[in-house]
There are 2 protein chains.
Amino acid sequence: MDKRIATIQDVARVAGVSTATVSRTLSKPSVVAQSTRDAVLSAVAETGYRVNSTASNLRRQRKGSAIALVPNLANPFFSQILAGMSAILTPARLGLLVADTQTGTDPDERFAHFLQSGQADGLVVFDGSLSPTALDVPGRPPVIMACEWMAGDLPSVRVDNALGASMAVAHLAEQGHRNIGHVTGPRGNVLTETRRDGFCRAMAEQGLALRPEWIFDGDFSMDSGAAAGRRWLKLASRPSAVFFASDEMAVGFMGAVQHAGVRVPDDLSIVGFDNIDVVAHLTPALTTIRQPRTIIGMRAAELLVEMIEAGSLTGPSEVIEMEFISRKSVAPPKD
Amino acid sequence: MDKRIATIQDVARVAGVSTATVSRTLSKPSVVAQSTRDAVLSAVAETGYRVNSTASNLRRQRKGSAIALVPNLANPFFSQILAGMSAILTPARLGLLVADTQTGTDPDERFAHFLQSGQADGLVVFDGSLSPTALDVPGRPPVIMACEWMAGDLPSVRVDNALGASMAVAHLAEQGHRNIGHVTGPRGNVLTETRRDGFCRAMAEQGLALRPEWIFDGDFSMDSGAAAGRRWLKLASRPSAVFFASDEMAVGFMGAVQHAGVRVPDDLSIVGFDNIDVVAHLTPALTTIRQPRTIIGMRAAELLVEMIEAGSLTGPSEVIEMEFISRKSVAPPKD
DNA sequence: AGTCTCCTTGCAAACGATTACATCGTCAAG
DNA sequence: CTTGACGATGTAATCGTTTGCAAGGAGACT
């Protein structure tokens, strides 16, 4: 008797009402009489009934979950964002499904898969390198971009990346730096572009010269930062400060040059981007630009929920404020 | 006509067969004749049909997803584990739902919720502080513990934490250290206990004295490591080496003491635990014990899938091998 | 030719909820 | 007394698949 899990039928029987009434009691309590409501509720308690979300979803043409599609799940950058999303989705009765675009063969194929498979009521996409043409499917769910974005008019939640870069340059210039380098993200990435462009524009605005050999290619990873560090060490004429498109690259870079005896910030000033947790504990602690990750996750989820509930494929975008965090990795240049 | 998404009915009509045949073609192709199979497949292609997983799950009494229940989603430690799980679950046609126990009021309540809500076909639980009594619900899904574990006989996937601790002590002793301290995780945590016990036992085996004032309380976080570092600095008589129950604490500790002018490894040797990404890029790079996180995630997911498919609430446990990684944060003691 | 197997396929009943529509009292207004 | 409105509940169709059971047809064997 305790074997099978209780269904709405069982509750109805125990309460002496129809299943319709049970359903209404649970979803729209206002339309059922007080006395019936009590009877149903106690029957629910007695049977230990919980609504079967699969059945409910089927009937209501819902999936009951949203997907976070990140480029690389193993990247810790996303964990706080997921936490923020989860905080919003849970009360909205949506589960949080996570998936990345790098597992399997073709990222675009995976994107298309999630768009078409109908596993979710909506997607939050963190990978701007996907192809917008995949969006051309008949009953696709609403999609919102976060952090990154792509061509087309999908709503998005992001920071003003160019502004972030100019904050970094302004701070460095203020400290007296005139020779500033930059380590970029991977080619083609929108963040790479906007941060680099912001950097270049800010340099011009500060009246500082841009030296092509001081722009290093990276891919956001610590290893690529370390590689850039090694290239910096070989330079005949070095910039006295470097701005990084990601904290992780700054960490890798700093490790590499410190290894070679370079002192930060005495010999070299460093400004990162993102404010990942670890940078506050490095020696020296890193000056960086904070992207409020939890908030980004929350806002993206909120906007997505609104789109889902409105049944709309479009919605507003939002720009989240960043914060410049000054720590110990910047000092005036030596001479 | 392109408006509504195609159902199995549409495919059946186009292919001139019954829905049963379509279903069988897709799930058990071997039982349908070659010619019919072709007809169905081309009808599928023509209509753009994709099976509605909600309906399918309802009929098959499946939920179509597994939940990873972590203590704190914002902790990057889990991102690689999730990636490993995802790699296994996706081919098994299971989505990966993530949730943490710290959102909301009571962790045990949330645990119970996921156990009863029937949102998932199975759970992978990473929080050993939950109450096993919550498991006493009729018809609950299979559960497997990973990394941490709790009283009772739930299957689990984990490393031999005590062994890890003794690897650290052995290495330090080999380098000549006789005065070794330890920074623990949060009180009551199983990892804290087993790593501390392993540390104490290993010290005894090496014939080294245990000094209670050299055991610092931490909680796995960088901040708590930094706090321990500050306490270490105040010590009249300091251990020449410290073993940490987590890399994050080691990072915080090292930052704090370096800040005060202490040189690692010349003045102090450090061994961490976990091998999180960043430690390879610190100055000095940290010696640590690697927990293969991707593999832990994969094995946990694999075992869970087996339990789900067997409809069993129990299954085998597994111990994953660790690896001692020697970097630059350990040197012989000075005198 | 009759019967017995297989191999394929179709029929129709689930799966468990939601909800448009119908029904039934009850009560107030005409 | 009749009629209408309204509030509360029940009836039953529906969401899109899967699958046990039965039936049709084609050989094969006696």
Side-chain angles (χ1 to χ4, degrees), chain A residues 3-41 43-44 47-64 93 116-121 138-139 141 309 311, chain B residues 3-41 43-44 47-64 93 116-119 121 138-139 309 311:
Chain A
K3 192 93 186 182
R4 214 169 44 87
I5 204 151
T7 77
I8 200 173
Q9 316 270 1
D10 303 324
V11 179
R13 194 174 326 110
V14 171
V17 298
S18 74
T19 63
T21 301
V22 176
S23 176
R24 280 190 283 253
T25 307
L26 267 21
S27 52
K28 270 192 295 183
S30 62
V31 305
V32 350
Q34 178 72 63
S35 55
T36 339
R37 214 187 303 169
D38 295 342
V40 171
L41 257 23
V44 166
T47 53
Y49 170 73
R50 317 219 103 211
V51 353
N52 177 322
S53 57
T54 309
S56 169
N57 286 332
L58 173 59
R59 176 58 228 237
R60 300 177 20 215
Q61 303 284 67
R62 282 284 192 95
K63 302 303 173 178
R93 301 163 124 255
Q116 295 174 38
S117 71
Q119 269 189 62
D121 295 311
E309 292 185 342
Chain B
K3 192 93 186 183
R4 212 171 43 86
I5 204 153
T7 77
I8 201 173
Q9 316 271 0
D10 302 324
V11 179
R13 193 173 326 111
V14 171
V17 299
S18 73
T19 62
T21 301
V22 176
S23 175
R24 282 189 281 252
T25 306
L26 266 22
S27 52
K28 271 191 295 182
S30 62
V31 306
V32 349
Q34 179 72 59
S35 56
T36 342
R37 214 187 302 170
D38 295 342
V40 170
L41 257 23
V44 166
T47 56
Y49 170 72
R50 316 220 102 211
V51 354
N52 177 321
S53 58
T54 309
S56 168
N57 287 330
L58 173 60
R59 175 61 228 240
R60 298 175 23 212
Q61 303 282 69
R62 280 287 189 92
K63 302 302 173 179
R93 300 164 124 253
Q116 295 173 38
S117 71
Q119 270 190 64
D121 296 311
E309 292 186 341

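Every chain is numbered from 1 and lettered A, B, ... according to where its sequence line falls, protein lines coming before strand lines.
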*asked:* I want to check one thing: is the phosphate of dA17(C), taken as OP1 and OP2, less than 4.0 Å away from some side-chain N or O of Y49(A)?
replied: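 Checking dA17(C) against Y49(A), a side-chain N or O does come within under 4.0 Å of OP1 or OP2.
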*Answer yes or no: does a side-chain N or O of S23(A) lie under 4.0 Å from OP1 or OP2 of dT18(C)?*
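For dT18(C), OP1/OP2 do have a side-chain N/O of S23(A) under 4.0 Å.
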Side-chain donor/acceptor pairs under 3.5 Å, residues 24-35 of chain B, sequence neighbours excluded:
| unit_1 | atom_1 | unit_2 | atom_2 | d |
| --- | --- | --- | --- | --- |
| T25(B) | OG1 | T21(B) | O | 2.6 |
| S27(B) | OG | S23(B) | O | 2.9 |
| Q34(B) | NE2 | D38(B) | OD1 | 3.1 |

In whole Å, what is the span from the [atom1] atom of [X] to the [atom2] atom of [N]?
{"X": "K28(A)", "N": "dA17(C)", "atom1": "NZ", "atom2": "P", "answer": "18 Å"}
{"X": "Q9(B)", "N": "dT18(D)", "atom1": "CD", "atom2": "C1'", "answer": "12 Å"}
{"X": "I8(B)", "N": "dT19(D)", "atom1": "CD1", "atom2": "C1'", "answer": "11 Å"}
{"X": "L26(A)", "N": "dT18(C)", "atom1": "CG", "atom2": "P", "answer": "8 Å"}

Output all residues satisfying side-chain contact (heavy atoms from CB on, under 4.5 Å) with [X], sequence neighbours left out; order by chain, then residue number.
{"X": "A39(B)", "answer": "none"}
{"X": "Q61(B)", "answer": "none"}
{"X": "R62(B)", "answer": "N57(B), R60(B), D121(B), I308(B), E309(B)"}

Could you report the tightest heavy-atom contact between [X] and [Y], atom names first, then the distance?
{"X": "T47(A)", "Y": "A6(A)", "result": "O-CB, 3.7 Å"}
{"X": "I8(A)", "Y": "T19(A)", "result": "CD1-O, 3.7 Å"}
{"X": "A15(A)", "Y": "V40(A)", "result": "CB-CA, 4.0 Å"}
{"X": "A12(B)", "Y": "S18(B)", "result": "CB-C, 3.8 Å"}

Pairs: protein N or O with nucleotides 4-6 of chain D N or O, under 3.5 Å:
none

Provide a list of protein-nucleic acid N or O atom pairs under 3.5 angstrom, restricted to nucleotides 23-27 of chain D.
none

*Overall bend - the helix from dA1(C)-dT30(D) to dG30(C)-dC1(D), comparing terminal axes fitted on five pairs, nearest 10 degrees*: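 Inter-axis angle at the termini of the helix from dA1(C)-dT30(D) to dG30(C)-dC1(D): 60°.
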*Distance from T54(A) atom OG1 to R59(A) atom CZ, nearest 0.5 Å?*
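It comes to 16.0 Å.
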*With rounding to the nearest 0.5 Å, note down the distance linking CG in L58(B) to OG in S53(A).*
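Atom-to-atom, L58(B):CG and S53(A):OG are 10.0 Å apart.
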*How does protein contact run along nucleotides 8-15 of chain C, one letter per nucleotide 5' to 3', with B for base contact, S for sugar-phosphate only, - for none, heavy atoms under 4.0 Å?*
SBBB-BBB
_Heavy atoms only, 4.0 Å cut-off, all strands: where does S56(B) land among base, sugar-phosphate and nothing?_
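Result for S56(B) = sugar-phosphate.
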